[in-house]
Amino acid sequence: MSPYLRLADLEPGEIDRLLALAAEVEANPVSRALAGKVFGLLMLNPSLRTAASFQAGMAQLGGSTVVVQPGAGSWALEFGDGVRMDGATQEHVRDAVPVLSSYVDGLGVRAFAAGASLEADLQDPVIQAMARLCPKPFVSLESAADHPCQALADWRTLDDHEVPKNGGRFVLCWGWHPRPLPYAVPIAAATMAAKRGMEVTVCAPEGFDLPEGALERVRAAGAEPRVFRDPVEACQGAHALYMKAWASPSAYGDPAGHTERVKGLEGWCAEPGWLAGAAPGAVFMHCLPVRRNAEVADTLIDGSASVTLRQAENRLHVQKALLLALLGGRG
Ligand code: CP
């Protein structure tokens, strides 16, 4: 299997096989299938779900993990090519990744957007460079412009709740947040829904439309995104509402600019009334972590439509399937 960087790059048959394996490991969670195998987690950014679910998953499959957090217990990494390292960074990624790869059977890397250039981040250069440096099976644990493990878990969650594939209506909606978050999860969620055959709607206030580079990814995955400004209208007939905060393209990487732009948008906090016209059994989704009562009201995320905890649990099952495919010859 190639480096796992984007769900949308998988063939439908590969997704089906991973989902079938996920069902198998959920039914029989503990085995020795990966006994003696080690999976490395190179975490350049914080995590609860990703780090814990990969560690738990490897343990349940009889293997183990090595977790490295550059700058927090390990050397601060340099990414620039040809730079003179006379500043804060202590080890170059061109040394760190091959060294770590020599200790493990597969490597996962979390490397969020740098936030300096929108165009550059949408190209995802850091995760691609790290994948090239790694001679072992490689998994993106969230990059500047995708979160493929979350996307696979979200696909399975939609299947769990019998959300229709072809003809199903998926609404990705912007939520208020104090920080200008990058586009990794919005792209992962919208391309996942498109690849699954769903109609994709993106709902956001003026100035917060997804950038063209993100919309191109959704089109390439098979859907022409429709744009709405009113969440209640956007959710008419919807089968899934996926909330996520993201930056205004005009304030990308600019916290002060973001603070100005989100003033007056506090009403973009999802609540149960948004789903009033949704299809029967419509689900509410969020990848977590979430800013409760800023991005999503307690009454929605704790209500019967919410499948957020199942999304998080599915991270464990689908990643175990991925590990079996990558390290255990089950692909
Ligand atoms: N959804 C997700 O990736 O969560 P973490 O950032 O906690 O890993």
Tell me if the [atom1] atom of [X] is crowded by more than 12 foreign heavy atoms within 6.0 Å.
X: Q123; atom1: CD; answer: no
X: R229; atom1: CZ; answer: yes
X: E224; atom1: CD; answer: yes

Can you tell me how far [atom2] of [Y] sits from [atom1] of [X], rounded to the nearest 0.5 angstrom?
X: L172; Y: L210; atom1: CG; atom2: CG; result: 6.0 Å
X: R49; Y: R315; atom1: CZ; atom2: CZ; result: 8.0 Å
X: K320; Y: S53; atom1: NZ; atom2: OG; result: 11.0 Å

Apply salt bridge (Lys or Arg N to Asp or Glu O under 4.0 Å) to E11 and R17, showing your working.
CA-CA 10 Å; E11 296 297 329; R17 281 195 291 281; over 6 Å; no
Within-4.5 Å side-chain heavy-atom neighbours: [X] and [Y]:
X: D146; Y: L5; answer: no
X: K37; Y: L61; answer: no
X: W274; Y: M243; answer: yes
X: V290; Y: I301; answer: yes
X: L41; Y: R110; answer: no
X: E142; Y: Q150; answer: no

Ring geometry between W268 and W174 (parallel below 30°, tilted from 30 to 60°, perpendicular above 60°):
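Plane angle over 60°, so perpendicular.
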Nearest atoms (heavy-atom pairs only) where F54 meets T65:
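Closest heavy-atom pair between F54 and T65: O-CG2, 4.0 Å.
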Closest approach of G108 to L141 (non-hydrogen atoms, all atoms of both residues):
C-CD1, 3.5 Å
Show your reasoning for whether salt bridge (Lys or Arg N to Asp or Glu O under 4.0 Å) applies to D302 and R292.
CA-CA 10 Å; D302 294 333; R292 279 174 174 252; 2.9 Å; yes
Under the criterion side chain to side chain contact (heavy atoms under 4.5 Å, CB included), I'd like the reasoning laid out for R196 against F170: C-alpha separation, chi angles, the key distance, then a yes or no.
CA-CA 10 Å; R196 201 171 172 270; F170 184 89; over 6 Å; no
Between the side chains of E216 and R219, is the shortest nitrogen-to-carboxylate-oxygen separation below 4.0 Å, so that they form an ion pair?
no
Please lay out, stage by stage, how E26 and R310 fare under the test salt bridge (Lys or Arg N to Asp or Glu O under 4.0 Å).
CA-CA 12 Å; E26 184 175 12; R310 181 64 181 166; 3.0 Å; yes
When you group the ILVMFWY residues by side-chain heavy-atom contacts below 4.5 Å and let the links chain together, are [Y] and [X] in the same group?
X: M198; Y: L10; value: yes
X: L288; Y: F284; value: yes
X: F79; Y: L133; value: yes
X: L77; Y: V66; value: yes
X: Y4; Y: L44; value: no

Do R6 and T191 meet the criterion of a side-chain donor-acceptor pair at a distance under 3.5 Å?
no
